[in-house]
Amino acid sequence: MREECSYARARIPRSATSSSPAVEDGCPSKLQHAPPDAAFSSASVEDGHPSQSQLGFDLTDLKLMHHYVTSTSHHLFGGNRQSHVWKHHIPTLAASNAALMHNILALAALHRARVESGSRISYRNRAFYHHGMGLPLFKRELDSASPETAEVIVASAALLGIWIYASPEAANEKLSLDDILSTVEIVRAGRSIFNLYKEFVITTPIGLFLIPSCRAPLVANQVSLTQQTLQALRNELDNSSDERAMCHLQMLMDQHMTGADHMRSSAGWMASVGEDYWARLRSDQPYSILVFAYSCLLAYASEHECWWMTGWSERILLACSEKLSPADKELVEWARHEELIRDRGLELQRLAKLGTEMSESSLASTSGGNTYPGSS
């Protein structure tokens, strides 16, 4: 069955027919600014809320929006209800919000770069162009947040969270721990807006994003080795901020093991841990870094079926290892913990794959074998 594209059409200025600017070395991370074409420039916008026609969107962007609606939106978060929100409602919001539109197109370009290897560099560059255009607009929206703008800010923050996971692989970049934390802070700011206007946001369609989808439990009526390992580490911690962060990680792991959407769990921990712990992490406290390293266990469970998390667990481990000094590594017994994290990560991958196979088998038996990839 051919799927109908239901997004709103962006207005295209006559002069905005060129693609994103060429980059000689093919390095998208250098696309920090809009191209010089006036049709693409947001410099003339005084109030920080330019219209789509002022920013300029070309035919490639229309193709990217079509790809987002018909493909990318099905592969962001689990569950049919989630898919409906991200496929239908979010593009409708973006039709009147430039920051959200750029965030959507950035992700769609990253996703398309993965499936069209022949155009990988072109789409990768376009992704970083849209990210570079959308991020300053999003920051302005944070500064002027209100109940009326809270929903679109939460939507943009969620898409930016996915960008944090997906973009390093596209750029083929090695991230330091400081790089990772600096980008996560943008998403944490978006979550702060949600907490401030929570009662309003949960009444909107994006409120469904806050309700995790469920599947069959990974482990029935038993505690996994991973859960035992997390409890053992918590018992070793003597700082209350680190302990609360670990407690939150345990809670998300417990939800994951009992059937909650592990993609949401993995993306949510960094954005929701307390400010006291975050301050210790930013000041390079060794045990805080160790707790952060253990958070990659949530990513291990998702990488086999989630395109935007590919390789994330190893990036976290490498970043944490390089941040810790030799003395700090000896203090926290880094070598032992690193081995434990990888062993438990393999356990989670095995359980997650088994859970996926069971869910697909159950769905096929109840629907006569007609399933849609990425919709469960």
Item to check | Flag, side chain of Asn97 to backbone of Leu93, donor-acceptor distance under 3.5 Å | outcome: no
Checklist entry - Under 4.0 Å between a Lys/Arg side-chain N and an Asp/Glu carboxylate O for Glu338 and Arg342? => result yes
Checklist entry - Would you say the side chains of His111 and His67 form a donor-acceptor pair under 3.5 Å? => result yes
Next on the checklist: Please report whether the ring centroid of His75 lies less than 6.0 Å from that of Tyr68.
Outcome noted: no
Next on the checklist: When you compare the side chain of Cys320 with that of Trp334, does any pair of heavy atoms fall below 4.5 Å?
Outcome noted: yes
Item to check | For Asp343, all residues meeting salt bridge (Lys or Arg N to Asp or Glu O under 4.0 Å), sequence neighbours excluded | outcome: none
Next on the checklist: Any heavy-atom pair between the side chains of Ile341 and Cys296 that's under 4.5 Å?
Outcome noted: yes
Checklist outcome for this item: Residues at least two apart in sequence or cross-chain that pass side chain to side chain donor-acceptor pair (under 3.5 Å) with Arg315, listed by chain then number, are none
Next on the checklist: If I compare all heavy atoms of Ala157 with all of Phe138, which pair ends up nearest, and what's the gap?
Outcome noted: N-CE1, 3.9 Å
Item to check | Heavy-atom side-chain proximity of Trp312 to Ile316 below 4.5 angstrom | outcome: yes
Checklist entry - Is the closest side-chain heavy-atom distance between Leu159 and Leu100 below 4.5 Å? => result yes
Item to check | Shortest non-hydrogen contact between Ser288 and Asp242, atoms and distance | outcome: OG-OD1, 2.6 Å
Checklist entry - Would you call Glu185 and Lys139 a salt bridge, using N to O less than 4.0 angstrom? => result no
Item to check | salt bridge (Lys or Arg N to Asp or Glu O under 4.0 Å) between Arg336 and Glu236, intermediate numbers included | outcome: CA-CA 14 Å; Arg336 176 175 68 87; Glu236 294 180 22; 3.5 Å; yes
Checklist entry - Do Arg234 and Cys247 come close enough that some side-chain heavy atom pair is under 4.5 Å? => result yes
Item to check | Under 3.5 Å: donor-acceptor pair, side chain of Ser176, backbone of Asp179 | outcome: yes
Checklist entry - Residues two or more places apart in sequence or in another chain: which of them pass salt bridge (Lys or Arg N to Asp or Glu O under 4.0 Å) with Asp328? => result none
Checklist entry - If you measure from the Lys or Arg side-chain nitrogens to the Asp or Glu carboxylate oxygens, is any gap between Arg126 and Asp61 under 4.0 Å? => result yes
Checklist entry - Considering only heavy atoms from C-beta outward, does the side chain of Tyr277 approach that of Arg282 to under 4.5 Å? => result no
Item to check | Where Thr204 and Val201 come nearest, the two heavy atoms and their spacing | outcome: OG1-O, 2.6 Å
Checklist entry - Heavy-atom distance under 4.5 Å between the side chains of Leu252 and His248, does that happen here? => result yes
Checklist entry - Looking only at heavy atoms, which two atoms of Lys63 and Arg112 are closest? And how far apart? => result O-NH1, 3.6 Å
Item to check | Between Trp163 and Phe128, ring centroids under 6.0 Å | outcome: yes
Next on the checklist: Quick check: do Lys87 and Thr70 have side-chain heavy atoms less than 4.5 Å from each other?
Outcome noted: no
Checklist entry - Looking at the rings of Tyr294 and His337, which for Trp means the six-membered one, are their centres under 6.0 Å apart? => result yes
Checklist outcome for this item: Nearest heavy-atom contact between Ala166 and Leu110 is CB-CD1, 3.9 Å
Checklist entry - Is there a donor-acceptor pair closer than 3.5 Å between any side-chain N or O of Ser156 and the backbone N or O of Ile153? => result no
Checklist entry - So, Thr92 side chain and His88 main chain: donor-acceptor pair closer than 3.5 Å or not? => result yes
